[in-house]
Amino acid sequence: MATGLHIDKIGMIYQLPGGGEVEALKDVSFHLDKGEILTILGPSGCGKTTLLNIVAGFLVPTSGTASFYSEQISGPSTSRQVLEPLITGPSPERGMVFQQGALFEWMSVAENIGFGPGMKGVPKNEINTIVEQYLETVGLQGFGNKAVYELSGGMQQRVALARCLANEPELILMDEPLGALDALTREKMQGLILKIWNETGKTIALITHSVEEALFLGQRVFVMAPRPGRIEKEYRLPYAQRGVNESLRDIKMTDEFSQTREEILSMIWEMEEEIMGRQE
Amino acid sequence: MNNSPLHLVLAKLGIITVGEVARKTVTFGDPEASKGGLIWGIVSVLLIFSIWSLAVANEWASAIFLPPPSEVVSQFWKIATDGFRGSSLWEHLGISLYRLLVGFILGCLIGIPIGFGMALSKVVRGFFDPIVEFMRPIPPLALIPLSIIWMGIGNGSKIFLLFLAALWIMVLAARAGVEGIRLSKIHAAYTLGASKKQVLLRVILPNALPEIFTGMRVAMGVCWGTLVAAELVGADAGIGFMITVAGKFLETGLVFVGIILIGIIGAAIDVSMRKAEALMIPWKGKV
C-alpha cells in the first residue's frame with residue numbers, strides 16, 4: 001500500500017434521540033497520497049466534519065475503515081513505535097487545526113506551540129528552539145510571550161497552525177481554519193498554508209465553505225452531497241501548485257478558474273435548494 | 001494651573017477631568033461611563049456618619065438603642081486591649097477565621113473532585129446526583145440545630161456546617177467549569193499527544209478555573225454568613241458569640257463593633273479573592 005491516507009467504504013449512521021437515524025456518510029472511499037493537499041466542500045449536513053473527525057480518530061465509523069500508512073516503521077535507529085495503519089483513535093501523527101477557540105488561553109503563545117513537544121517529553125531548551133522556529137514559520141517572531149487573548153483572530157490561527165506543525169504530524173487536518181477571519185486576513189492565511197505545504201511536503205486535508213478557498217488550496221477538491229453524505233464529484237486542479245509562485249489574485253482572474261468556480265457553486269446551490277425545498 | 005495638587009486630587013476623585021478627554025455622547029446605559037465615582041462613595045459614608053451623630057446629638061433615640069460613634073470607637077478600643085469574656089478580641093476573630101478557613105478549604109478539597117467526577121464519569125454523576133440535588137437547596141442555617149446535637153457548640157460543629165455550606169457550591173461550580181469546555185480544546189490536546197492525565201491536568205483543570213473561582217467567591221460569602229449565624233445560636237467563642245453575649249447585656253456599643261467588624265472582614269475577604277482571581281486567571285472574561 002502506498003503511503004498516505006486510505007479510506008475504504010466508510011459509512012456513518014447516527015441514531016437520532018427521538019428514534020430514526022441519519023446516514024451522515026455512505027460508502028465513502030478515496031486514497032490521499034503523501035504530500036497531497038485536499039480540500040473538501042459541501043453544504044451543511046453533507047458529513048464533511050464527520051469524515052474529518054473519523055480521520056482524526058475522534059469518531060469510529062459504523063462501517064468501513066480508515067487507515068494511515070506512514071513511512072516511519074521503526075528501525076534500529078529510531079525509538080519510535082511501529083504505527084498501526086488502522087485509525088482507532090487520535091494520534092500525534094495526525095494533527096488538527098480547528099476553527100478559532102481551540103488554543104489554550106491559560107498558556108502563552110510559546111507554551112501553546114510547545115505543548116505537543118512537551119507532551120512527548122522533549123527537553124525545555126529543545127522546545128524553545130522548536131517554538132522559535134515555528135514562530136518564524138508563521139510570521140510571529142517576538143510574539144512568544146504574549147497571551148493568546150491579546151492576539152487578533154488571524155494571529156490566533158497562525159498560532160494554531162504553528163502548534164500543529166511543532167508536533168511534526170504527517171497529516172494535517174483543518175476544519176474550517178479560516179472560517180472566522182476577514183477577507184484580507186483570510187487571503188494572507190491561504191498563502192501561508194500553501195507556503196507551508198510546499199516547504200514541508202505535509203499531507204493536508206482541509207474543510208472549507210468557500211469555493212474559492214477550496215480551488216486555491218486543493219490539488220484535489222471533493223464536492224460532497226448530503227442525504228446520504230457522499231463524495232459527489234472530485235476535481236484535480238493546478239491552482240495549489242501555481243499558487244506557490246503566482247499571486248492568488250492573478251489566478252483568480254483567469255477564465256478557467258472562474259468557470260470551475262461557477263460550476264461548483266451552481267452544484268452546491270442545487271444541493272442547498274434540495275435541502276431547503278425549492279422556494280419561489 | 002491644571003496640574004496643581006488640588007486639581008490632581010479632584011481628578012483622582014472623579015470630580016473633574018484633566019487635559020484632553022474623549023467624550024462619549026451616550027453615557028446612560030454604558031457601564032464604562034459610570035466607572036470611577038469614588039467621590040460618591042466618600043459622600044455616602046460621611047452622610048451615614050453625620051446622620052448617626054445628628055441622631056445621637058438630638059437624642060432621637062436613647063443610647064441603649066443607638067450608641068454615639070465615639071462610644072463604638074471606645075468599646076472597640078476596650079476589647080482590642082482588654083479582650084472580651086476571657087479572650088482577647090483577636091482570639092475571638094482568630095477562632096472565627098480559623099473555622100471559616102478550615103470549613104471552606106475542606107469544602108473545596110472534597111467538592112471540586114466530586115464536581116470533576118460528576119462531569120467526567122457516568123458512574124460518579126449517577127451516584128452523587130440524588131445527594132447533591134437533595135442537599136443543595138437546604139439552607140445551611142437549617143442544619144445548625146443538627147450540627148449542635150451531633151457535635152456540640154465547639155469548633156467541630158461550626159467546621160462541619162461550613163464544610164457543607166461550601167461543599168455543594170463547589171461541586172456545582174467545578175462541574176459547570178468542566179462541562180463548559182470546548183470539545184475542540186480536548187480534541188486538540190489529544191492530537192498533540194496528551195495522555196488522559198495530561199488532558200485532565202493541563203487542559204480540563206485550567207479551563208475550569210474561572211468557574212471554580214467564581215464558586216469559591218460565592219462559597220466564601222455564604223460561609224461567612226453561616227458562621228456568624230452559627231456562632232449566634234450556640235458557641236463558646238468567636239465574633240458571633242461576642243455580639244450575642246453583648247446583646248444580652250444591652251451593650252449596644254459592643255454589638256455595633258461586632259457588626260462593623262463582620263462587615264469589614266466579609267468585604268475584605270471578597271476584595272482579596274477578586275484580586276487573587278485577577279492575578280491567577282488573567283484570561284477570565286476575555287475568551
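The chains referred to below are lettered A, B, ... by the order of the sequence lines, with proteins before strands, and numbering in each begins at 1.
Only the backbone of A:L103 comes within contact range of chain B, with at least one heavy atom under 4.5 Å from a heavy atom of that chain. For a residue to count as touching a neighbouring chain, one of its non-hydrogen atoms must lie under 4.5 Å from one of that chain's; by this rule A:Q99 does not touch chain B.
Among B:S195, B:A189, B:P206, the residue making the largest number of heavy-atom pairs under 4.5 Å with chain A is B:P206. Looking only at heavy-atom pairs under 4.5 Å with chain B, the residue among A:R163, A:M96, A:R94, A:Q100 that has the most is A:R163. Taking B:I281, B:I181, B:N207, B:L209 one by one and counting their heavy-atom pairs under 4.5 Å with chain A, the maximum is reached by B:N207. Ranked by non-hydrogen atom pairs under 4.5 Å with chain B, the options A:F115, A:F58, A:F98 are led by A:F58. The greatest number of non-hydrogen atom pairs below 4.5 Å with chain B, out of A:P90, A:G116, A:G101, is found for A:G101.
Side chains of B:T214 and B:K284: a donor-acceptor N/O pair is present below 3.5 angstrom, by distance only. Side chain to side chain, A:T50 and A:Y14 meet the donor-acceptor criterion of an N or O pair below 3.5 Å. With no hydrogens or angles considered, no side-chain donor-acceptor pair links A:T203 and A:E36 at under 3.5 Å. A:Q190 and A:E213 share a donor-acceptor pair across their side chains, judged by distance under 3.5 Å alone.
Using a 4.0 Å cut-off between a side-chain N of Lys or Arg and a carboxylate O of Asp or Glu, A:R186 and A:D182 do not qualify as a salt bridge. Salt-bridge check for B:R217 with B:E277: passed, with a basic side-chain N closer than 4.0 Å to an acidic carboxylate O.
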